[in-house]
Novice: 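Okay, handing you the structure first.
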Amino acid sequence: MVTKQNVRQQALANLAVFSDEQYAYFMQQIVSKVTALPAWQSAQVVALTISQAKELPTDLLIQTALLQRKVVVLPRVLPNKQMVFMTITQNTRYERHKFGMLEPVDGRVVTPSEIDFVLVPGIAFTQNGHRVGFGGGYYDQWLPQVTATKIAVSITANVFSQPIWPLETTDQMVDQVIVIDEEIDNE
């Protein structure tokens, strides 16, 4: 069995080969496929993330959600592997966290029960929703608090039929993995 770190390295290498044009296509596909989901369409409050370099791009999805008048919430990391989600607007100010991601500095903190839809970040997935995150454990700590639909997006090369990594009791699954060219449903 391969370690999660090995899976992360390979998955990041799989993402690194794509051109800017391909990332632009991925951005459009993410918006097209995610916004077509009934769970998205009925959601009032959506928890998203700001992608970093060589992650699947979420910028257009965030803007689309705001244009659709959804309440968009983004994560802010706290000590002890905790995080909260804060509302954003077109005027939100951001600061860069020590891990490199942008976080909102103003906005209202929402409770997990207010969230209807979560786009869960990750680097590799199985067809039935197991995930390898980026290694911090923040989402594994936070996801059990949320009853919302949990969706992930990935490229085909980073989705496996079965876990090739060791599963841990703290690992949290997603309900559905959306691949650029197909959808894999865990229901």
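All values below come from the heavy atoms of this structure, side chains included, with hydrogens, waters and symmetry mates left out.
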Novice: Do T87 and V110 touch side chain to side chain, with heavy atoms closer than 4.5 Å?
Specialist: yes

Novice: Is there a side-chain contact between I180 and T156 in this structure, where contact means two heavy atoms from C-beta onward sitting under 4.5 Å apart?
Specialist: no

Novice: Could you tell me whether the side chain of D106 reaches within less than 4.5 Å of the side chain of T92, counting heavy atoms only?
Specialist: yes

Novice: If we ignore hydrogens and angles and just use 3.5 Å, is the side chain of K150 paired with the main-chain N or O of G129 as donor and acceptor?
Specialist: no

Novice: So, the side chain of Q22 versus the backbone of S19: is there a donor-acceptor pair under 3.5 Å, distance only?
Specialist: yes

Novice: Check the hydrophobic clustering (I, L, V, M, F, W, Y; side-chain heavy atoms under 4.5 Å; chains of links allowed) and say if I151 and W40 are grouped together.
Specialist: yes

Novice: I30, Y25: one ILVMFWY side-chain cluster at the under-4.5 Å cut-off?
Specialist: yes

Novice: Does atom CD of Q44 have more than 12 heavy-atom neighbours from other groups under 6.0 Å away?
Specialist: no

Novice: So Q127 and V159, do their side chains get closer than 4.5 Å, heavy atoms only?
Specialist: yes

Novice: Starting from V105, can I reach L102 by hopping between I/L/V/M/F/W/Y residues whose side chains sit under 4.5 Å apart?
Specialist: no

Novice: Got a sec, which residues hit ring pair (Phe, Tyr, Trp, His ring centres under 6.0 Å) with F125, two or more places apart in sequence or on another chain?
Specialist: none

Novice: Under a 4.0 Å threshold between the charged nitrogen and the carboxylate oxygen, would K98 count as salt-bridged to E103?
Specialist: no

Novice: A side-chain contact here means heavy atoms from C-beta on lying under 4.5 Å apart; do K70 and D116 qualify?
Specialist: no

Novice: Could I get the full list of side-chain contact (heavy atoms from CB on, under 4.5 Å) partners for Q41, not counting sequence neighbours?
Specialist: none

Novice: About how many Å separate CG of L74 and CD1 of I50, when rounded to the nearest 0.5 Å?
Specialist: 5.0 Å

Novice: Going by ring pair (Phe, Tyr, Trp, His ring centres under 6.0 Å), name the residues that satisfy it together with F160, two or more places apart in sequence or in a different chain.
Specialist: W165

Novice: Check whether any side-chain heavy atom of R131 lies under 4.5 Å from a side-chain heavy atom of D140, and answer yes or no.
Specialist: yes

Novice: Do V120 and W142 sit in the same hydrophobic cluster, where Ile, Leu, Val, Met, Phe, Trp and Tyr count as joined when their side-chain heavy atoms come under 4.5 Å apart?
Specialist: yes

Novice: Is there a path of hydrophobic side-chain contacts, each under 4.5 Å between heavy atoms, that joins V72 and V31?
Specialist: yes

Novice: Rounded at 0.5 Å granularity, tell me how far CZ in F85 sits from CG in L48.
Specialist: 8.5 Å

Novice: Is any side-chain heavy atom of L37 closer than 4.5 Å to a side-chain heavy atom of T149?
Specialist: no

Novice: With under 30° as parallel and over 60° as perpendicular, where do the rings of F26 and Y23 fit, or are they tilted in between?
Specialist: perpendicular

Novice: Report yes if some heavy atom in the side chain of K4 is under 4.5 Å from a heavy atom in the side chain of D171; otherwise report no.
Specialist: yes

Novice: With rounding to the nearest 0.5 Å, note down the distance linking OG in S161 to CG in N128.
Specialist: 9.5 Å

